[in-house]
**Q** 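Questions regarding the structure given below will be posed in turn.
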Amino acid sequence: MSCLGNIIWFLFGGFFLGLGWALAGLVCCLTIVGIPLGIQCFKFAELSFFPFGREIEYGGGPVSLIANILWLIFLGIPLAIESATIGLIFCITI
């Protein structure tokens with residue numbers, strides 16, 4: 001069932017979300033400081049392409065909190081708008 005869910009998800013929105021995360025990862029990797037954030041964005045891109053049947057483990061700390069706040073300010077808001085737009089399109093089509 002997760003294979004079918006991944007195929008449907010990829011065709012109807014996961015492709016665009018994954019591309020957004022991959023682009024965010026490329027932007028983060030332009031600076032040496034942003035490389036760890038870029039690597040995490042690439043992991044999220046992979047998860048956005050095929051989310052079903054995956055598990056997420058969180059292992060953060062104080063440095064991770066600061067990095068998450070900076071990421072939210074610079075890249076998180078556009079990705080949230082993209083996700084909300086795709087979700088709105090899904091709701092309209094139902």
**Q** So how far is it from L47 CG to F52 CZ, rounded to the nearest 0.5 Å?
**A** 10.5 Å
**Q** Restricting to pairs with a member in residues 24-45, which pass ring-ring contact (aromatic ring centres under 6.0 Å, His included), not counting sequence neighbours?
**A**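 Checked against ring-ring contact (aromatic ring centres under 6.0 Å, His included) - neighbours excluded - the pairs reaching residues 24-45 are W21-F44.
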**Q** Quick one: sort the F10 and F15 rings into parallel, tilted or perpendicular, breaks at 30° and 60°.
**A**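 Ring orientation, 0 to 90° scale: perpendicular.
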**Q** Tell me the side-chain hydrogen bond (donor to acceptor under 3.5 Å, both in side chains) pairs involving residues 33-47, sequence neighbours left out?
**A**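 As it turns out, the side-chain hydrogen bond (donor to acceptor under 3.5 Å, both in side chains) pairs with a partner in residues 33-47, which skip direct neighbours, are E46-R54.
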**Q** Taking atom CG of L11 as the centre, does the number of heavy atoms from other residues, nucleotides or ligands within less than 6.0 Å exceed 12?
**A** yes
**Q** Which atom pair, heavy atoms only, marks the closest approach of C28 to C41?
**A** SG-SG, 4.4 Å
**Q** Please determine whether residues I7 and F90 belong to a single hydrophobic cluster, defined as Ile, Leu, Val, Met, Phe, Trp and Tyr linked transitively by side-chain heavy-atom distances below 4.5 Å.
**A**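 Yes; tracing contacts between hydrophobic side chains, which count when under 4.5 Å, links both residues.
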**Q** With a 4.5 Å cut-off on side-chain heavy-atom distances among I, L, V, M, F, W and Y, is there a chain of contacts connecting L19 to L17?
**A**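 Shared cluster, yes.
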**Q** Please list, one pair per line, the donor and acceptor atoms closer than 3.5 Å that link side chains of residues 67-80 to other protein atoms, with sequence neighbours excluded.
**A**
{"residue": "N68", "atom": "ND2", "partner": "S64", "partner atom": "O", "Å": "3.2"}

**Q** Look up atom CZ in F12 and atom CD1 in I89, then write down how far apart they are to the nearest 0.5 Å.
**A** 13.0 Å
**Q** Roughly how far, to the nearest 0.5 Å, is CZ of F16 from OG of S48?
**A**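 Reported value, rounded in 0.5 Å steps: 13.5 Å.
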**Q** Could you tell me which non-hydrogen atom of A22 sits nearest to which non-hydrogen atom of A45, and how far apart they are?
**A** N-CB, 3.8 Å
**Q** Between L4 and W9, is there a shared hydrophobic cluster once you connect ILVMFWY residues whose side-chain heavy atoms come closer than 4.5 Å?
**A**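 Yes, because L4 and W9 connect within a single hydrophobic cluster, where side-chain heavy atoms sit under 4.5 Å apart.
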**Q** Quick one: CD1 on I86 to CD1 on I81, what's the gap to the nearest 0.5 Å?
**A**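 Going from the CD1 atom of I86 to the CD1 atom of I81 covers 12.5 Å.
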**Q** Between G14 and F49, which heavy-atom pair has the shortest distance, and what is it?
**A** O-CD2, 3.5 Å
